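Taking it in order: structure first as structure tokens, then the write-up.
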Amino acid sequence: MIKMGWLHFVGFIIMSLLASSIPTQAQLQLGFYSKSCPKAEKIVQDFVNKHIHNAPSLAATLIRMHFHDCFVRGCDASLLLNSTGDGDDVEKESFPNLSVRGFDFIDRVKSLLEAECPGTVSCADIIALVARDAIVATGGPSWRVPTGRRDGLISRESEALTEIPAPFDNFTVLQTRFASKGLDIKDLVLLSGAHTIGVAQCSVFANRRLFNFSGVAGAVDPSMDSLYAANLKANKCKSANDNTTIVEMDPGSRNTFDLSYYSLLLKGRGLFESDQALTTNATSLAIINQLLRESVGNFFGEFGLSMERMGRIQVKTGTEGEVRKHCARVNG
Ligand code: HEM
Ligand SMILES: *[C@@H]1O[C@H](CO)[C@@H](O)[C@H](O)[C@H]1NC(C)=O
Ligand SMILES: *[C@@H]1O[C@H](CO)[C@@H](O)[C@H](O)[C@H]1NC(C)=O
Ligand SMILES: *[C@@H]1O[C@H](CO)[C@@H](O)[C@H](O)[C@H]1NC(C)=O
Ligand SMILES: *[C@@H]1O[C@H](CO)[C@@H](O)[C@H](O)[C@H]1NC(C)=O
Ligand SMILES: *[C@@H]1O[C@H](CO)[C@@H](O)[C@H](O)[C@H]1NC(C)=O
Ligand SMILES: CC(=O)N[C@H]1CO[C@H](CO)[C@@H](O)[C@@H]1O
């Protein structure tokens with residue numbers, strides 16, 4: 001029999017009391033649905049593989065959806081909620097979401113999963129799985145997606161504006177916004193690398209970068225390569241608020257997940273101020289140079305680790321939130 005000192009014994013009792021009074025913190029885990037819905041991940045992957053080739057640009061919007069969801073109230077599918085009619089203030093309706101598409105894609109995956117195992121797989125996990133599978137299906141990196149996220153009950157338009165970084169943010173602001181989600185400068189540099197695919201509307205950057213820098217009519221942002229700026233003005237963006245023209249963020253390889261986004265940054269050819277800002281900080285610039293020295297395979301690996309961290313932001317687990325029946329509305 002182990003002889004326990006009096007102090008140890010008291011300590012032991014206190015520890016036991018604490019352990020039983022703190023609710024066990026549920027965690028995300030790989031294969032969370034392996035018992036409750038064994039085919040879930042396969043169903044998602046098959047659907048993505050079957051449909052993404054019809055629309056490779058969808059992969060870009062789907063990974064962006066995951067990012068926007070995670071940055072507001074955590075990865076809890078709050079972005080998918082429709083307005084209930086008591087005012088029009090859901091994340092979906094906020095300015096940064098103007099161009100997020102793919103809601104119907106998520107809804108179709110959800111109905112397959114509801115048919116297989118009703119009320120089991122959360123919309124938040126569907127977004128995370130779909131984003132990964134879509135990027136993989138288009139030749140991009142893969143990453144681990146631990147599951148067990150629960151869906152949130154609240155969505156607010158105003159929060160999307162304060163939480164999601166803006167294309168005109170400088171490095172300090174970007175670093176702060178990422179830090180508030182537990183992400184560091186390395187994550188910021190790597191995750192911004194998602195801009196190696198996809199497009200942007202002129203209206204989100206043209207006013208400040210091409211037409212009216214610092215409020216001076218006609219001024220072009222001097223941090224932008226002048227040839228690139230002239231080309232954008234001549235051939236792409238017709239005016240500061242042109243919202244019909246879209247521009248590739250990584251010209252020439254917008255469908256290929258590669259390192260060219262970073263080499264363009266070094267040439268002053270980042271499309272947004274937020275992209276170019278990554279070259280304005282010594283730490284961040286060093287990470288860019290490091291990535292460019294190494295292989296694309298290394299970038300894929302590092303990007304995947306940052307995606308996994310992003311997918312854990314303020315997740316709801318255990319008995320928090322709910323598993324929605326329809327992704328666009330809360331149960332009940
Ligand atoms: C660092 C801060 C970031 C800012 C300021 C930012 C801003 C933007 C903006 C303004 C657009 C264009 C939207 C439009 O035309 O309406 C865009 C597109 C996009 N963003 Fe970001 N973003 C950031 C980080 C991220 C991250 C972390 C990801 C994913 C991991 C991401 C993925 C994308 C993708 C794939 C697109 C193209 C979407 C499409 O083609 O439909 N962005 N981003
Ligand atoms: C970055 O932007 C913020 C907000 O607009 C501003 O307060 C700050 O002075 C800027 N920092 C730098 C270094 O330009
Ligand atoms: C930029 O890099 C420096 C040096 O690596 C770092 O200490 C600093 O916090 C970074 N952020 C800003 C906003 O300058
Ligand atoms: C340029 O910026 C200034 C200051 O923000 C603003 O007053 C002016 O209306 C802008 N001009 C155009 C053409 O957008
Ligand atoms: C695009 O711009 C036009 C003219 O400025 C405006 O009337 C229209 O509402 C805008 N469309 C969107 C989707 O923002
Ligand atoms: C959510 O809104 C969209 C577009 O307004 C609509 O098509 C969809 O049916 C709505 N979903 C639910 C569950 O109310
Ligand atoms: C997909 C979606 O709901 N987009 C909305 C984004 O916000 C604007 C208003 O700011 C709505 O008109 C869009 O329908």
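In each ligand, atom 1 is the first atom listed, and ligand 1 is the first ligand listed. These numbers come from the heavy atoms of this one structure, side chains and all, not from hydrogens, waters or symmetry mates. Computed from a predicted structure; not experimentally measured. The chain is numbered in sequence order, starting from 1.
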- Message: Surrounding NZ of K238 (heavy atoms of other residues, nucleotides or ligands, distance under 6.0 Å), is the total greater than 12?
- Response: yes
- Given that the side chain starts at C-beta and the backbone is N, CA, C, O, which of these parts of F178 lies under 4.0 Å from ligand 1, counting heavy atoms, or is it both or neither? side chain
- Identity and separation of the nearest protein heavy atom to atom 4 (C) of ligand 3: T283 OG1, 3.4 Å
- G198 heavy atoms within 4.0 Å reach ligand 1 at atoms 37 (C), 40 (O)
- Side chain proximity check, Q27 to V315, heavy atoms < 4.5 angstrom: no
- Sub-3.5 Å donor-acceptor pair from the side chain of Q276 to the main-chain atoms of G270, do we have one? yes
- Note on the structure: ligand 3 atoms nearer than 4.0 angstrom to some heavy atom of T172 are 13 (C)
- A194 neighbourhood, listing ligand 1 atoms whose heavy-atom distance to it stays under 4.0 Å: 28 (C), 29 (C), 30 (C), 31 (C), 32 (C), 35 (C)
- Record the part of S274 in heavy-atom contact with ligand 1 below 4.0 Å; permitted values are side chain, backbone, both and neither. side chain
- Message: Below the 3.5 angstrom mark, is there an N/O of Q175, backbone or side chain, next to an N/O of ligand 3?
- Response: yes
- Checking V109, N82, L80, D151 against C327 for side-chain contact (heavy atoms from CB on, under 4.5 Å), the one that qualifies is L80
- Item | D125 backbone acceptor or donor facing R149 side chain under 3.5 Å | no
- Query: Does L58 offer a backbone N or O that forms a donor-acceptor pair with the side chain of T61 under 3.5 Å?
  - Reply: no
- Does the side chain of F71 reach to within under 4.5 Å of the side chain of F178, using non-hydrogen atoms? yes
- Validation row, ring centre F168 to ring centre F205 under 6.0 Å: no
- Message: As an exercise, identify every atom of ligand 1 less than 4.0 angstrom from a heavy atom of L191.
- Response: 26 (C), 27 (C), 28 (C), 30 (C)
- Task: Check if V199 has a non-hydrogen atom at a distance under 4.0 Å from any atom of ligand 1.
- Result: yes
- Item | S78 and R73, any side-chain heavy atoms less than 4.5 Å apart | yes
- Query: Between K181 and R309, is any pair of side-chain heavy atoms under 4.5 Å apart?
  - Reply: no
- Message: Measuring from atom 37 (C) of ligand 1, which candidate in R177, M249, Q201, H195 has the nearest non-hydrogen atom?
- Response: M249
- Message: Heavy-atom contact check, 4.0 Å cutoff: does R254 meet ligand 1?
- Response: no
- Interfacing atoms of ligand 6 (cut-off 4.0 Å, heavy-atom, N82): 1 (C), 2 (O), 3 (C), 8 (C), 10 (C), 11 (N), 12 (C), 14 (O)
- Item | Under 4.0 Å to a heavy atom of S192 - the qualifying atoms of ligand 1, by number | 1 (C)
- One finds that the ligand 1 atoms under 4.0 Å from a non-hydrogen atom of A200 are 12 (C), 15 (O)
- Note on the structure: In ligand 1, the atoms that come under 4.0 Å of a heavy atom of F272 are 7 (C), 8 (C), 9 (C), 10 (C), 11 (C), 12 (C), 17 (C), 43 (N)
- Quick one: is the NZ or CZ of K233 closer than 6.0 Å to the six-membered ring centre of F211, and within 45° of its axis? yes
- Checking D187 side chain against S306 main chain: does a donor-acceptor pair fall under 3.5 Å? no
- Once the angle between the rings of F299 and F303 is folded into 0 to 90°, is it parallel (under 30°), tilted (30 to 60°) or perpendicular (over 60°)? perpendicular
- Using a 4.0 Å heavy-atom threshold (strictly under), name the region of A166 that reaches ligand 1: side chain, backbone, both or neither. backbone
- Message: Out of L285, L174, N281, I185, who is nearest to atom 8 (C) of ligand 3 when you count heavy atoms only?
- Response: N281
- Message: If we count only non-hydrogen protein atoms and require a distance under 4.0 Å, does atom 14 (O) of ligand 3 qualify as touching the protein?
- Response: yes
- Should S57 be listed as contacting ligand 1, given a heavy-atom distance under 4.0 Å as the test? no
- Query: Just which atoms of ligand 1 are under 4.0 Å from any heavy atom in I63?
  - Reply: 35 (C)
- Run the numbers for me: atoms of ligand 1, each under 4.0 Å from some heavy atom of P165, listed by number. 2 (C), 5 (C)
